[in-house]
Amino acid sequence: MSDDAISPYTLSTDDGDDRRHAFWADHVADAVLDRDPDEPIVVKGGISPSGVPHLGNMNEVMRGYFVAEVLRERGYEVRQVFTSDDRDPLRKLPRKLADLEGNLVDLGDVDAGALGRNLGHPYTAIPDPFGCCDSYGAHFSNLIQSGADALGVPIELASNTDLYEDGDFEAVTRFVLEHVDEAREVLREYQDKIDDDYVPFNPICSECGKVTETVTAIRASEGEVDYECTDMEAGDQVISGCGHAGTATLREGKLPWRLEWPAQWQVLGVDFEPFGKDHAEGSWPSGDDVARNLLGNEPPVPMVYEWFTLDGEPFSSSEGHVVLVDDVLDLLEPEVLRHFFAKNPKKARDFPLSRLDQLVDEFDRFEAVYYGEVEASEDERERAERVYPFLVDHLDPGTAPADAPVEERPTRIPYTFAAVLGMFPDHDVRVEHAVKQGHLPEDPSDAVVDRAFERVERARTWASRQDNEYNYTVLEDLPDVDFDAETEAALDDLADFVAAGHDGEAIQGEIYETAKDNGLPIGDFFGAGYELFFGEAEGPQLGQFLGKLEQEFVVQRLRREA
RNA sequence: GGGCCGGUAGCUCAGUCCGGCAGAGCGUCUGGCUUUUAACCAGACGGUCGGGGGUUCAAGUCCCUCCCGGCCCGCCA
């Protein structure tokens, strides 16, 4: 490894002066600008379109985005390029796929045989299993693009296949093959398999279409190599070659990853690139080395980000433990999700679908701190003032709170209260409750209600998908019930208790008392309550729940009056 | 085994780069207010800053060491 290799842990490094930033992206932007980059400054990310692009993959888009936006705010022209490494060969069949709407689909539900026959082929040369896009690679690239779109991030998607076919990679590929000895020498530091016959170029077999590994002759000046289509090991299985011996141009193949990444930096002029921690100790040092000591380039400013988990478990496309951006945006507003990605990339975090309310509450506070509505520490305020404008559409980055038009400030209903509102099917009832609780102004305009109630729909979807304690629908009208005399008496007693004004905990206790006083088995009494309010045999903790509803409604329903 | 990143209140996280009283929200508890409340207000409880050692007038922050978790250390990407 070269001695001047730079640490990818950019956020852990000293600026070298007294600059102190509330936002990590400012720290990175400083590091980029210290290089005196030419404009447009290029921020890159990229993934292999091998399967379902889940929320974790969005780090690759969002981490770069915030740096790009900070640079734009400082007056620089910035391109955010995203490479789809779609010339990579399919090495194993994914167990789960996703259609263009983001719905997960089992491998068995598509033509798995057609996919299996394409092992070893570039993703862009494999038919789209859903038949909707030009290729397998294009299909999943589209999903990445729509994820970025949904979060309002303008990326320029660059297909590796196109970069090869259009000749953008030709010069650097030729250079590598002309300096194959030096290339081997650099790579040998990182890979055991580099012998004197190793050629860092993988031609695509003209006969069977597979990405091959055996180059038998190099004619760099003529822009050609000879190859033999030999067997290829992929994990624990072998993808067999067809044995064809042929000739390929430098546009008809690909560079191996350790060279391809630095080649992208050179061809696209990349100034900054974030990447997951899996690259930190592996391909980053080798890429840095290749860029400096083989290609003679300065590598981009790097930044390692930690991975996050989904409900405490690693993302796993194959096991279906994934969530896509579109799924998440059914549950919370884009700005809340952007806030999640604006947090310190050095920390491994959980994305808790089960506790999304906490994530939303955190954002609501962050927003309130920005607008100076709540007390906060100096650090917290500094961070909110700097970061918040990057999260929302209604402010430009760099806007100080004093300059922010207050009338644009969104009305937010606390998330769990929104979930409670969601239990009522009737719109007017929802509004009534929200106004009464002070979460909406008196006589709110339709526009204010519509905007605030977007969260009600989301919270309702959340309750339904999580099937949690908010996933119930309150019956608007008295259901057709027929209780015995004891039950009716007990319900009347409970109604009197509620009418006297007690909180949920007290009501819960009283339910037990009332049942006992009237000689009812407690389970039957709870059942009667669930029947009355939900038309179901079971429900949420009843006392707590009734305490959350409007008293008059509860009393009338308990008395079977409405 | 080696390298790297992380570990702060019950939960979610700021604060570590640059040493200066251990912080916020949620949750819990107490009280208040609203002639109803999950709302609102006030307060309380809650900590071995993973453990230990060192430097310092002063350490969550710097140094050493150990523990735990993740990533990397064959190929691929």
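Each chain gets a letter, A, B and so on, in the order its sequence line appears, and its residues count up from 1. Source: prediction; values computed, not measured.
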- Message: For a 4.5 angstrom cut-off between non-hydrogen side-chain atoms, does A/Asp86 reach A/Pro122?
- Response: no

- Message: Just to verify, which of A/Arg557, A/Gln556, A/Glu561 counts as forming a side chain to side chain contact (heavy atoms under 4.5 Å, CB included) with A/Arg559?
- Response: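 So, applying the side chain to side chain contact (heavy atoms under 4.5 Å, CB included) to A/Arg559 and each of A/Arg557, A/Gln556, A/Glu561, only A/Glu561 qualifies.
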
Considering only [options], which nucleotide approaches the side chain of [X] most closely?
X: A/Arg365; options: B/A24, B/A38, B/A77; result: B/A24
X: A/His27; options: B/C17, B/A24, B/A77; result: B/C17
X: A/Asp192; options: B/A77, B/G74, B/G6; result: B/G74
X: A/Asn344; options: B/C5, B/G15, B/A77; result: B/G15
X: A/Arg349; options: B/C11, B/A14, B/A77; result: B/A14
X: A/Tyr9; options: B/C4, B/A77, B/A24; result: B/C4
X: A/Lys343; options: B/A38, B/G25, B/A14; result: B/A14
X: A/Lys277; options: B/C4, B/G70, B/C75; result: B/G70
X: A/Lys193; options: B/C4, B/G25, B/C76; result: B/C76

Between [N] and [M], how far is it from one [atom1] atom to the other, in whole Å?
N: B/C57; M: B/C21; atom1: C1'; value: 15 Å
N: B/A42; M: B/U34; atom1: C1'; value: 15 Å
N: B/C13; M: B/G54; atom1: C1'; value: 30 Å
N: B/U55; M: B/G10; atom1: C1'; value: 35 Å
N: B/U12; M: B/G46; atom1: C1'; value: 16 Å
N: B/G43; M: B/G7; atom1: C1'; value: 32 Å
N: B/G23; M: B/U35; atom1: P; value: 37 Å
N: B/C68; M: B/G52; atom1: C1'; value: 15 Å

- Message: Checking side-chain polar atoms at under 3.5 Å, does A/Thr309 have a donor or acceptor matched by the opposite partner on A/Asp350?
- Response: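 Side chains of A/Thr309 and A/Asp350: pair found under 3.5 Å.
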
Check the distance between [N]'s [atom2] and [X]'s [atom1] and give it to me in whole angstrom.
X: A/Glu273; N: B/A77; atom1: CD; atom2: C1'; result: 13 Å
X: A/Glu281; N: B/A77; atom1: CD; atom2: C1'; result: 17 Å
X: A/Leu359; N: B/C11; atom1: CG; atom2: C1'; result: 13 Å
X: A/Asp289; N: B/C72; atom1: CG; atom2: P; result: 21 Å
X: A/Lys92; N: B/C76; atom1: NZ; atom2: C1'; result: 11 Å
X: A/Leu119; N: B/A77; atom1: CG; atom2: C1'; result: 16 Å
X: A/Asp364; N: B/C13; atom1: CG; atom2: P; result: 17 Å
X: A/Arg430; N: B/A38; atom1: CZ; atom2: P; result: 22 Å

With both distances kept under 3.5 Å, what pairs with [N], Watson-Crick or G-U wobble?
N: B/G19; answer: none
N: B/G6; answer: B/C68
N: B/G43; answer: B/C29
N: B/G1; answer: B/C73
N: B/A14; answer: none

At under 4.0 Å between heavy atoms, what does [X] touch on the DNA or RNA strands: base, sugar-phosphate, or nothing?
X: A/Trp261; answer: nothing
X: A/Glu260; answer: nothing
X: A/Arg383; answer: nothing
X: A/Asp361; answer: nothing
X: A/Lys254; answer: sugar-phosphate

- Item | Single hit among A/Arg338, A/His339, A/Arg455, A/Arg458 for side-chain hydrogen bond (donor to acceptor under 3.5 Å, both in side chains) with A/Glu333 |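 In the set A/Arg338, A/His339, A/Arg455, A/Arg458, the residue that makes a side-chain hydrogen bond (donor to acceptor under 3.5 Å, both in side chains) with A/Glu333 is A/Arg455.
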
Using a cut-off of strictly less than 4.0 Å, decide whether [X] has a side-chain nitrogen or oxygen near OP1 or OP2 of [N].
X: A/Gln191; N: B/C76; result: yes
X: A/Lys346; N: B/C5; result: no
X: A/Lys347; N: B/G7; result: yes

- Please indicate whether A/Glu185 has more than 12 foreign heavy atoms, meaning atoms of other residues, nucleotides or ligands, lying under 6.0 Å from its CD.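 Counting neighbours around CD of A/Glu185, 12 or fewer heavy atoms of other residues, nucleotides or ligands fall under 6.0 Å, so no.
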
- Task: Take A/Leu255 and A/Phe340, find for each the nucleotide of RNA chain B with the closest heavy atom, and name the residue whose nucleotide sits nearer the 5' end.
- Result: A/Phe340

- Message: Reading RNA chain B from 5' onward, which residue's closest nucleotide shows up sooner: A/Val498 or A/Tyr198?
- Response: A/Val498

- Query: Salt-bridged, A/Lys44 to A/Glu273, with N to O below 4.0 Å?
  - Reply: yes

- Going by an N to O cut-off under 4.0 Å, is there a salt bridge joining A/Asp196 and A/Arg184?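 Judged by the 4.0 Å cut-off on N to carboxylate O distance, A/Asp196 and A/Arg184 do not form a salt bridge.
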
- Task: With A/Lys254 as reference, evaluate A/Glu165, A/Glu260, A/Glu213 under the salt bridge (charged side-chain N to carboxylate O under 4.0 Å, His left out) test and give the passing residue.
- Result: A/Glu260

